[in-house]
Amino acid sequence: MKPERCFLGFLFSFLLTGVAEIQPAHNSLKPQRVHFQSRNFHNILHWQPGRACISNSSIYFVQYKMYGQRQWKNKENCWGIREFFCDLTNETSDIWEPYYGRVRTTLAGIHSGWTMTQRFTPWWETKIDPPVMNITQVNGSLVVILHAPKLPYKDEKGKTVSMENYYELVYRLFIINNSLEKEQKVYEGARRVVEIEALAPHRSYCVVAEIYQPMLDRRSQRSEERCVENP
């Protein structure tokens, strides 16, 4: 159904129901699946349109609050938008505190009720990307430098805060001998500079890494393979 017909159909149906059916009309407009998605503390609120067949004329309004607060706050950049997401990273920067977000829809002057998220605590729920690797060949060995994912926060001096400020991070490093198609874990620990020695000459190797968080018993996805030819 075209968006214009979809909108007109909804409006006609609403007018026919009369005042007695205002509440069901509101409910059919309520956004669905309102939830936070968080990666490296970039905390984005997402939702889907309500059950009603709606058009591009629908606009959305977002509010947020910290757990325990009585008053909801408007998110100005997400007040009357047409997108299905809203960046609340700055508003949820105290990562140990729990938060709520909520969204409502307006269509042709008809306002839905609010749909609220479950409680969201960034420290507990954010997902961490794999480490970034820099690899240098030195005298038949590989020197691997690992970098934790970048965060959206800065300290008082304007320097980006490290993921290691918030978690104990364990780096896991694996090497793949392409000739034997064999993978081997060569390092697990907190160091970010690792030397891989005793590599056979004239062989191709690939290196891959991940991050493990012991406190949460959680690991990142693996990084992309970085491959080198040992001289």
Side-chain angles (χ1 to χ4, degrees), residues 33-47 62-78 83-103 116-136 142-175 185-196 207-226:
R33 298 192 62 214
V34 181
H35 65 286
F36 280 95
Q37 290 183 8
S38 179
R39 184 170 296 277
N40 304 325
F41 298 125
H42 293 270
N43 306 322
I44 313 298
L45 189 68
H46 291 262
W47 60 90
V62 174
Q63 292 183 329
Y64 65 93
K65 70 174 182 177
M66 186 182 292
Y67 175 75
Q69 294 178 338
R70 302 179 67 178
Q71 191 72 28
W72 288 89
K73 299 177 182 178
N74 298 341
K75 171 60 174 175
E76 293 185 5
N77 293 344
C78 302
E83 293 81 12
F84 301 142
F85 63 90
C86 174
D87 190 340
L88 291 175
T89 298
N90 292 333
E91 290 72 21
T92 53
S93 59
D94 193 341
I95 64 169
W96 292 279
E97 292 291 338
Y99 298 89
Y100 294 99
R102 67 179 187 177
V103 187
M116 188 174 71
T117 64
Q118 295 182 343
R119 190 184 301 181
F120 166 71
T121 305
W123 184 89
W124 179 258
E125 298 186 48
T126 200
K127 295 181 179 179
I128 295 182
D129 282 337
V132 176
M133 295 187 297
N134 292 330
I135 300 178
T136 304
L142 299 180
V143 177
V144 182
I145 302 176
L146 300 162
H147 302 273
K150 292 184 178 180
L151 303 184
Y153 309 130
K154 298 183 182 298
D155 60 18
E156 296 82 359
K157 298 181 179 179
K159 186 177 180 181
T160 300
V161 178
S162 169
M163 186 71 74
E164 294 169 338
N165 289 40
Y166 301 116
Y167 300 102
E168 176 190 357
L169 299 183
V170 174
Y171 296 95
R172 291 172 174 170
L173 199 59
F174 305 85
I175 191 167
K185 185 198 293 185
V186 292
Y187 178 74
E188 179 169 344
R191 292 203 326 267
R192 293 192 296 110
V193 180
V194 181
E195 184 175 1
I196 306 174
V207 181
V208 65
E210 67 183 24
I211 294 175
Y212 177 66
Q213 299 166 275
M215 293 182 68
L216 301 178
D217 190 23
R218 187 183 301 167
R219 66 178 185 173
S220 71
Q221 293 182 339
R222 286 189 167 193
S223 65
E224 294 185 2
E225 294 181 0
R226 295 284 304 278

Between [X] and [Y], is NZ or CZ placed under 6.0 angstrom from the six-membered ring centre and within 45° of the ring axis?
| X | Y | answer |
| --- | --- | --- |
| R222 | F174 | yes |
| R172 | Y212 | yes |
| R102 | Y64 | no |

Would you find a donor on one side and an acceptor on the other, under 3.5 Å apart, between the side chain of [X] and the backbone of [Y]?
| X | Y | value |
| --- | --- | --- |
| S220 | E210 | no |
| Q69 | M66 | yes |
| R226 | M133 | yes |
| R192 | L146 | yes |
| N40 | D129 | yes |
| N74 | E76 | no |
| T160 | K154 | no |
| S38 | E125 | no |

Counting only heavy atoms not in [X], do more than 12 sit closer than 6.0 Å to its [atom1] atom?
| X | atom1 | result |
| --- | --- | --- |
| R39 | CZ | yes |
| K159 | NZ | no |
| Q118 | CD | no |

Test log, rule side chain to side chain donor-acceptor pair (under 3.5 Å), inputs N43 and T92: CA-CA 7 Å; N43 306 322; T92 53; 2.8 Å; yes
Test side chain to side chain donor-acceptor pair (under 3.5 Å) applied to Y100 and R119, step by step: CA-CA 6 Å; Y100 294 99; R119 190 184 301 181; 3.3 Å; yes
Worked check of salt bridge (charged side-chain N to carboxylate O under 4.0 Å, His left out) between E91 and K75: CA-CA 9 Å; E91 290 72 21; K75 171 60 174 175; 2.9 Å; yes
Residues which pass ring pair (Phe, Tyr, Trp, His ring centres under 6.0 Å) with Y166, listed by chain and number, not counting sequence neighbours: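 Once residues adjacent in sequence are excluded, the partners of Y166 under the ring pair (Phe, Tyr, Trp, His ring centres under 6.0 Å) criterion are F41, W96.
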Pairwise distance CZ(F36) to OG1(T126) - rounded to 0.5 angstrom: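 One gets 11.5 Å once the value is rounded to the nearest 0.5 Å.
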Residue pair Q213 / I128, side-chain heavy-atom distance below 4.5 Å: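 Contact flag for Q213/I128 side chains = yes.
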Output field: ring centroids W123/Y167 closer than 6.0 Å: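 Between Y167 and W123, which both carry aromatic rings, the centre distance is below 6.0 Å.
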Name of the residue among V208, V186, L142 meeting side chain to side chain contact (heavy atoms under 4.5 Å, CB included) with L173: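 When V208, V186, L142 are each tested with L173, the side chain to side chain contact (heavy atoms under 4.5 Å, CB included) holds only for V186.
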